[in-house]
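One-based numbering along the sequence shown.
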Amino acid sequence: MDDTPDISGRTDAARRAARALATAKTAVKNAALEAIAAAIVERAEEILAANARDLEKGREEGMSEGLLDRLALDGSRIAAIADAVREVKALPDPVGEVMRGMTNELGLRITQVRVPMGVIGMIYEARPNVTIDAAALALKSGNAVILRGGSAAEGSNRAIISVMRDALSSAGLPADLVQTVDDLGRPGATAMMRARGGIDVLIPRGGAGLISAVVRESIVPVIETGTGNCHVYVDSGADLEAAERIIMNAKTQRVGVCNAAETLLVHR
């Protein structure tokens with residue numbers, strides 16, 4: 001017996017919301033992103049309280065210090081998240097951009113134009129900032145998004161998504177542009193991978209195990225991301241004192257993040 005939960009109600013709601021967003025003008029989308037950025041800061045205490053509970057649970061379960069740091073939020077990180085939303089707001093609107101065109105032998109003008117995908121699914125690990133990043137980029141490009149952010153950050157993500165949904169409503173856009181299946185646990189991720197026709201594309205972001213599992217099991221089209229291997233190269237002509245400072249910063253500033261240095265190459 002298949003015990004995969006039915007998420008068709010959520011995907012249907014996301015598709016209706018995506019249709020409304022697809023024709024929204026740039027100013028409307030930017031106003032919604034600004035509302036999200038402002039609300040994240042205004043409701044920071046609510047988000048930080050949820051994050052504190054996630055951190056306490058993580059410590060009780062023996063989560064490593066690096067992963068706890070990756071999960072942790074504070075006032076400065078909340079401000080950085082809001083700034084990141086405003087950076088997305090400042091990007092050019094990709095919807096409607098003409099990529100290329102031609103006139104065929106019959107005199108017909110044919111153009112390739114950027115359009116929204118529709119409903120994007122995102123499966124990722126315990127990174128609350130990714131919840132914001134994924135939603136902001138989806139909204140800017142005219143798409144709805146359904147998120148699965150992992151049990152370690154479930155409380156943080158629930159609070160952040162609640163803030164974003166309220167901000168969308170205040171800006172006159174459907175709250176269902178941003179949804180989550182975190183409440184369904186791991187079966188929610190399985191449901192996303194099987195939601196062909198409900199989710200248009202699935203993006204896994206995380207370690208090699210997560211990415212390979214989604215690529216292997218999903219019947220929804222997947223955009224496969226790399227697992228990453230961040231290099232620092234020290235050339236024979238480098239300032240070695242400066243190189244040492246760069247290397248130490250690249251690895252130890254935050255060891256748990258995905259852009260921490262993993263490989264050091266030194267000219268022989």
**Request:** Could you tell me which residues satisfy salt bridge (Lys or Arg N to Asp or Glu O under 4.0 Å) with D235, sequence neighbours excluded, listed by chain and number?
**Result:** none

**Fill in**
Residue set satisfying side-chain hydrogen bond (donor to acceptor under 3.5 Å, both in side chains) with R70, at least two apart, ordered chain then number -> none

**Complete:** Tightest non-hydrogen contact, residues C230 and N259, listed as SG-CA, 3.6 Å

**4.5 Å side-chain heavy-atom contact, L147 and I161** = yes

**Fill in**
Note: G206 and E125 closest approach over all heavy atoms is CA-OE1, 3.6 Å

**Item:** Selection residues 78-87 - residue pairs positive for salt bridge (Lys or Arg N to Asp or Glu O under 4.0 Å), sequence neighbours left out
**Value:** E34-R86

**Complete:** CG (D182) and OG1 (T131) are apart, to the nearest 0.5 Å, by 7.5 Å

**Item:** hydrophobic_cluster_shared for L21 and L33, side chain cutoff 4.5 Å
**Value:** yes

**Item:** Single-linkage hydrophobic cluster I223~V220, side-chain heavy atoms < 4.5 angstrom
**Value:** no

**Message:** Does any part of the side chain of V130, heavy atoms only, come nearer than 4.5 Å to the side chain of M122, both counted from C-beta?
**Reply:** yes

**Request:** Kindly write out the residues that satisfy side-chain contact (heavy atoms from CB on, under 4.5 Å) with Q253, not counting sequence neighbours, or none if the list is empty.
**Result:** N249

**Request:** Any chance you could measure I40, atom CD1, to I132, atom CD1, to the nearest 0.5 Å?
**Result:** 3.5 Å

**Prompt:** Knowing that exactly one of I146, D12, T11, V201 qualifies, which makes a side chain to side chain contact (heavy atoms under 4.5 Å, CB included) with V119?
**Reply:** I146

**Side-chain cluster (under 4.5 Å, hydrophobic types only) that M248 belongs to, other residues** = none

**Asked** Shortest non-hydrogen contact from A243 to V234?
**Response** CB-CG1, 4.0 Å

**Request:** Considering only Ile, Leu, Val, Met, Phe, Trp and Tyr, and joining two whenever side-chain heavy atoms are under 4.5 Å apart, list the other residues clustered with L68.
**Result:** L55, M63, L67, L71

**Request:** Flag the pair I7 / Q179 as yes when at least one side-chain heavy-atom distance between them is below 4.5 Å, and no otherwise.
**Result:** no

**Prompt:** For the residue pair R77 and D69, what are the closest heavy atoms and their distance?
**Reply:** NH1-O, 2.7 Å

**Asked** Does some side-chain heavy atom of I81 sit less than 4.5 Å from a side-chain heavy atom of I160?
**Response** no

**Request:** Check whether V181 and L202 end up in the same hydrophobic cluster, where Ile, Leu, Val, Met, Phe, Trp and Tyr are linked by side-chain heavy atoms less than 4.5 Å apart.
**Result:** yes

Show the atom names and distances, to 0.1 Å, of all donor-acceptor pairs under 3.5 Å that link a side chain in residues 163-171 to residues at least two apart or in another chain.
residue: R165; atom: NH1; partner: A175; partner atom: O; Å: 3.1
residue: R165; atom: NH1; partner: D176; partner atom: OD1; Å: 3.1
residue: R165; atom: NH1; partner: V178; partner atom: O; Å: 2.9
residue: R165; atom: NH2; partner: D176; partner atom: OD1; Å: 3.1
residue: D166; atom: OD2; partner: R43; partner atom: NH1; Å: 2.8
residue: S169; atom: OG; partner: R165; partner atom: O; Å: 3.3
residue: S170; atom: OG; partner: A167; partner atom: O; Å: 2.7

**Asked** Considering only heavy atoms from C-beta outward, does the side chain of N51 approach that of P128 to under 4.5 Å?
**Response** yes

**Request:** Any chance you could measure R268, atom CZ, to S236, atom OG, to the nearest 0.5 Å?
**Result:** 11.0 Å

**Request:** Using a 4.5 Å cut-off on heavy atoms from C-beta on, say whether the side chain of N157 contacts that of Y124.
**Result:** yes

**Asked** Given side chains that start at C-beta, do those of P116 and V95 come closer than 4.5 Å, heavy atoms only?
**Response** yes

**Prompt:** Considering all heavy atoms of both residues, which atom of N104 and which atom of I110 are nearest to each other, and what is their separation?
**Reply:** ND2-CD1, 4.0 Å

**Prompt:** How long is the gap from CZ on R216 to CE on M193, to the nearest 0.5 Å?
**Reply:** 9.0 Å

**Request:** Write out all pairs satisfying salt bridge (Lys or Arg N to Asp or Glu O under 4.0 Å) with one or both partners inside residues 93-111, taking only residues at least two apart or from two chains.
**Result:** K29-D93, E97-R114

**Prompt:** Atom CG in L73, atom CZ in R127: separation rounded to 0.5 Å?
**Reply:** 10.5 Å

**Message:** Hydrophobic clustering (ILVMFWY, side-chain heavy atoms < 4.5 Å, transitive) - are L184 and V214 grouped together?
**Reply:** yes

**Prompt:** Please, which pairs that meet salt bridge (Lys or Arg N to Asp or Glu O under 4.0 Å) have at least one residue in residues 153-162, sequence neighbours excluded?
**Reply:** E154-R158

**Message:** Who clusters with L265? Use side-chain heavy atoms, under 4.5 angstrom, across I, L, V, M, F, W and Y, and order the result by chain and number.
**Reply:** Y233

**Message:** Let me check something: do I199 and I203 share a hydrophobic cluster, defined by ILVMFWY side-chain heavy atoms less than 4.5 Å apart, either directly or through other members?
**Reply:** no

**Message:** For residues 199-212, which residue pairs pass the salt bridge (Lys or Arg N to Asp or Glu O under 4.0 Å) check, not counting sequence neighbours?
**Reply:** R15-D200

Could you give the side-chain donor-acceptor pairs of residues 137-144 under 3.5 Å, partners two or more places apart or in another chain?
residue: K140; atom: NZ; partner: N30; partner atom: OD1; Å: 2.8
residue: K140; atom: NZ; partner: K89; partner atom: O; Å: 2.7
residue: K140; atom: NZ; partner: L91; partner atom: O; Å: 2.8
residue: S141; atom: OG; partner: L137; partner atom: O; Å: 2.8
residue: S141; atom: OG; partner: A138; partner atom: O; Å: 3.1
residue: S141; atom: OG; partner: N143; partner atom: ND2; Å: 2.9
residue: N143; atom: OD1; partner: M117; partner atom: N; Å: 2.7
residue: N143; atom: OD1; partner: G118; partner atom: N; Å: 2.7
residue: N143; atom: ND2; partner: S141; partner atom: O; Å: 3.2

**R196 vs P221 side-chain heavy atoms within contact, under 4.5 Å** = yes

**Prompt:** Roughly how far apart are K251 NZ and T263 OG1, rounded to 0.5 Å?
**Reply:** 9.0 Å

**Over all atoms of both residues, closest heavy-atom pair of V222 and P204** = CG1-CD, 3.7 Å

